[in-house]
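Below: one structure, written as structure tokens.
Chain letters run A, B, ... following the sequence lines, proteins first and then strands; every chain starts at 1.
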Amino acid sequence: MIQTSPVATIARLREHVGQVVTLRGWAVHLRSSGKIRFVVLRDGTGIAQGVLIKGHLPEEDFAAFEELTLESSLTLTGRVKAEPRAPGGFELEVSGLQLIHIAQEYPIQPKEHGVGFLMDHRHLWLRSPRQQAILRVRDEVCRACRDFFHERDFVLIDTPILTPTACEGTTSLFETDYLGRGKAYLSQSGQLYLEAAAMALGRVYCFGPTFRAEKSKTRRHLTEFWMVEAEAAFYTLEDLLALTEELVSYIVARVLAHREEELALLERDTAPLKAVTKPFPRLSYTEAVARLKEQGMKMEWGEDFGGDEETLLSRMFAAPVIVHRYPRRAKAFYMEADPENPELALCVDMLAPEGYGEIIGGSQRVADLEVLLARLQEYGLPREPFEWYLDLRRYGSVPHSGFGLGIERTVAWLCGLKHVREAIPFPRLLDRLYP
RNA sequence: UCCCCGGUAGCUCAGCAGGUAGAGCGGGUGGCUGUUAACCACUUGGUCGGCGGUUCGAGUCCGUCCCGGGGAGCCA
């Protein structure tokens with residue numbers, strides 16, 4: 001395509017005021033008032049308005065407006081002008097319009113649509129300003145996680161997605177045939193492999209998709225979701241609590257600093273996010289149960305928290321709340337017992353405020369071979385597939401701890417979303433695999 | 001897996017007591033020199049989720065299945 005003027009992006013239009021530039025993008029609003037016509041263009045960096053005045057551009061280009069439909073692609077060339085009346089604050093006095101592709105009748109209108117319809121058109125829904133804003137926040141969260149760990153000398157370790165066994169025997173797994181040699185499962189956590197890597201590199205983390213085949217149908221569940229997990233040799237539960245607290249406050253600060261515009265577009269009240277500062281409130285499970293009972297919840301010591309309990313607990317504090325030392329029998333086989341009370345596990349959950357619930361789960365891991373062997377038996381797990389994992393306790397075992405943070409739940413919280421399905425580009429849900 | 005709600009035009013919905021299927025938006029045509037989800041006029045648009053039943057007659061009542069939404073459980 002022949003360009004007669006420099007190509008600009010809408011986000012940087014202010015640097016081109018007074019100059020003639022070309023914008024490339026898609027039509028989002030088309031209005032005509034006879035001899036004056038308006039095209040609102042989006043290019044992925046923002047929106048800007050082009051004004052077409054009869055006689056100020058070739059007649060052919062002026063007439064091409066008539067062919068435009070919503071989401072048609074085109075280029076606009078013109079002089080940049082600051083204009084308070086224009087969406088985005090800048091407009092182009094169009095001297096040239098080139099059609100690239102005329103879109104068919106676009107299904108998504110600037111009006112209310114049902115969730116089902118929007119999800120069926122997720123590939124197009126992503127173009128809407130709100131979805132773009134969410135995806136930019138997600139991008140910031142992911143980058144913050146990587147930066148955080150690199151600044152602290154954690155090494156990125158890519159753990160396998162196809163695995164021979166469950167990390168935690170209890171949850172259901174996606175099963176696939178492995179080239180006729182038996183079953184393979186989609187990973188539900190990189191943790192076990194990360195533990196091996198921690199014994200090699202000290203501090204490690206992984207960042208990738210995880211899969212849970214549970215038939216969960218709630219606002220906080222996906223069947224495929226992203227998790228950042230960290231594992232560190234010689235870390236105790238106390239070290240772990242400090243690390244999770246640091247990570248979450250780091251993420252929140254980064255999003256507030258770099259994604260203010262997006263949060264404003266999402267109409268996210270940032271006051272509760274600005275209140276997220278260290279130290280976070282810490283409660284033992286036993287204390288949490290007592291607090292819930294005070295609030296009138298009917299539950300007994302030993303039961304895990306349900307959705308209602310989590311919501312209530314997270315609403316009691318401005319910052320995320322750290323709940324530690326749950327009853328061991330409600331938790332996974334690899335968690336170290338509390339030496340002060342063997343009925344408790346040295347574990348942690350972090351609950352996001354405003355009712356968002358669990359975003360982090362972690363624990364100190366069993367370091368002793370005999371204890372781990374007994375656990376496998378206790379939980380009814382076969383020993384053979386875990387032999388490699390047991391080796392970690394045979395060759396220089398050390399205390400170590402790790403955790404995982406759910407990306408979508410974190411993004412949903414930061415953006416103030418009602419459901420995690422909007423926090424991932426293409427959500428995989430119980431009854432949704434398309435698009 | 002269980003409970004609740006829903007499925008009518010491309011979209012969002014209305015449709016009373018069973019009696020010839022409606023609106024707004026979108027699409028199309030025309031008008032308008034500053035529009036902001038523009039406005040005005042005209043116009044287009046239907047396998048009422050599928051199957052079966054009751055009835056002279058079913059979008060409407062009954063049965064069943066499918067799909068979607070919300071919640072529970074389970075889970076992180």
NA contact type, [X], heavy-atom cut-off 4.0 Å: base, sugar-phosphate, or nothing?
| X | answer |
| --- | --- |
| A:Phe225 | base |
| A:Thr69 | nothing |
| A:Arg37 | nothing |
| A:Asp304 | nothing |
| A:Pro87 | base |
| A:Leu222 | base |
| A:Glu91 | base |

Rounded distance in Å between the [atom1] positions of [N] and [M]:
| N | M | atom1 | result |
| --- | --- | --- | --- |
| B:rG30 | B:rA17 | P | 45 Å |
| B:rC61 | B:rC67 | C1' | 23 Å |
| B:rG59 | B:rC51 | P | 13 Å |
| B:rC5 | B:rA58 | C1' | 23 Å |
| B:rU12 | B:rC2 | P | 28 Å |
| B:rC32 | B:rG45 | P | 28 Å |
| B:rA14 | B:rA23 | C1' | 7 Å |
| B:rC16 | B:rA21 | C1' | 15 Å |

In whole angstrom, what separates [X]'s [atom1] from [N]'s [atom2]?
| X | N | atom1 | atom2 | answer |
| --- | --- | --- | --- | --- |
| A:Glu310 | B:rC75 | CD | P | 12 Å |
| A:Leu430 | B:rG70 | CG | P | 11 Å |
| A:Glu71 | B:rG27 | CD | P | 13 Å |
| A:Gln188 | B:rC74 | CD | P | 17 Å |
| A:Ile108 | B:rG27 | CD1 | P | 14 Å |
| A:Asp431 | B:rC2 | CG | P | 13 Å |
| A:Glu309 | B:rC74 | CD | P | 10 Å |
| A:Gln109 | B:rU12 | CD | P | 9 Å |

Original post:
Does A:Asp43 reach the side chain of A:Arg24, with side-chain heavy atoms less than 4.5 Å apart?
Top reply: no

Subject >> Minimum side-chain heavy-atom gap A:Ser128-A:Ile108 below 4.5 Å >> reply: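 Counting from C-beta outward, A:Ser128 and A:Ile108 never come under 4.5 Å.
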
Between [options], which nucleotide gets closest to the side-chain atoms of [X]?
| X | options | answer |
| --- | --- | --- |
| A:Glu105 | B:rG26, B:rG70, B:rU33 | B:rG26 |
| A:Lys35 | B:rG26, B:rC75, B:rC32 | B:rC32 |
| A:Lys217 | B:rU33, B:rG10, B:rG69 | B:rG69 |
| A:His221 | B:rC74, B:rG34, B:rG68 | B:rC74 |
| A:Glu83 | B:rC74, B:rG69, B:rG34 | B:rG34 |
| A:Arg421 | B:rG70, B:rU35, B:rG68 | B:rG70 |

Subject >> Side-chain ion pair, A:Arg282 and A:Glu238, N-O less than 4.0 Å >> reply: yes

**OP:** Salt-bridge test for A:Lys54 and A:Glu59: reply yes if a basic N is under 4.0 Å from a carboxylate O, no otherwise.
**Re:** yes

Subject >> Whichever of A:Ile53 and A:Pro107 has its nearest RNA chain B nucleotide further upstream toward 5' >> reply: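 Of the two residues, A:Pro107 wins.
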
Original post:
Starting at the 5' end of RNA chain B and moving along, which residue's nearest nucleotide shows up first, A:His29 or A:Arg432?
Top reply: A:His29

**OP:** With side-chain hydrogen bond (donor to acceptor under 3.5 Å, both in side chains) as the test, would you mind laying out the steps for A:Thr311 and A:Asp308 before giving the verdict?
**Re:** CA-CA 5 Å; A:Thr311 301; A:Asp308 289 347; 5.4 Å; no

Original post:
Within a reach of under 6.0 Å around CZ of A:Arg14, are more than 12 heavy atoms found that belong to other residues, nucleotides or ligands?
Top reply: no

Original post:
Above 12 or not: heavy atoms from other molecules or residues under 6.0 Å from CD of A:Glu246?
Top reply: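 Atom CD in A:Glu246 is crowded, with more than 12 foreign heavy atoms closer than 6.0 Å.
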
**OP:** Measure from NZ or CZ of A:Arg152 to the centre of the six-membered ring of A:Tyr250, then state whether that distance is under 6.0 Å and the direction lies within 45° of the axis.
**Re:**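 The answer is yes, since A:Arg152 meets both limits relative to A:Tyr250.
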
Subject >> Cation-pi check, A:Arg212 onto A:Phe225 ring (under 6.0 Å, within 45° of axis) >> reply: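 No, A:Arg212 and A:Phe225 do not form such a contact.
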
Original post:
ring pair (Phe, Tyr, Trp, His ring centres under 6.0 Å) between A:Phe305 and A:Tyr326: does it pass, once the steps are laid out?
Top reply: CA-CA 10 Å; A:Phe305 301 129; A:Tyr326 284 67; 5.6 Å; yes

Original post:
Between the base of B:rC75 and the side chain of A:Ser216, is there any donor-acceptor pair under 3.5 Å?
Top reply: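 Answer is no: no donor-acceptor pair is held.
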
Subject >> Side-chain donor/acceptor of A:Thr218 to base of B:rC75, under 3.5 Å >> reply: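 No, the side chain and the base share no sub-3.5 Å donor-acceptor pair.
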
Original post:
Where along residues 110-121 of chain A does a heavy atom fall under 4.0 Å from RNA chain B?
Top reply: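 Within residues 110-121 of chain A, the residues near RNA chain B are A:Pro110, A:Lys111, A:Glu112, A:His113, A:Gly114, A:Phe117.
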
Original post:
Dot-bracket for RNA chain B, 5' to 3', counting Watson-Crick or G-U wobble pairs under 3.5 Å, with [ ] for crossing pairs and | for inter-strand pairs?
Top reply: (((((((..((((.....[..)))).(((((.......))))).....(((((..]....))))))))))))....

Original post:
For B:rC32, does either OP1 or OP2 sit under 4.0 Å from a side-chain N or O belonging to A:Arg31?
Top reply: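 No, outside the criterion.
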
Subject >> Test side-chain contact (heavy atoms from CB on, under 4.5 Å) applied to A:Leu429 and A:Lys217, A:His419, A:His221, the passing residue >> reply: A:His419

Subject >> Minimum-distance pair of heavy atoms, taken over all atoms of A:Tyr356 and A:Ser314 >> reply: N-OG, 3.9 Å

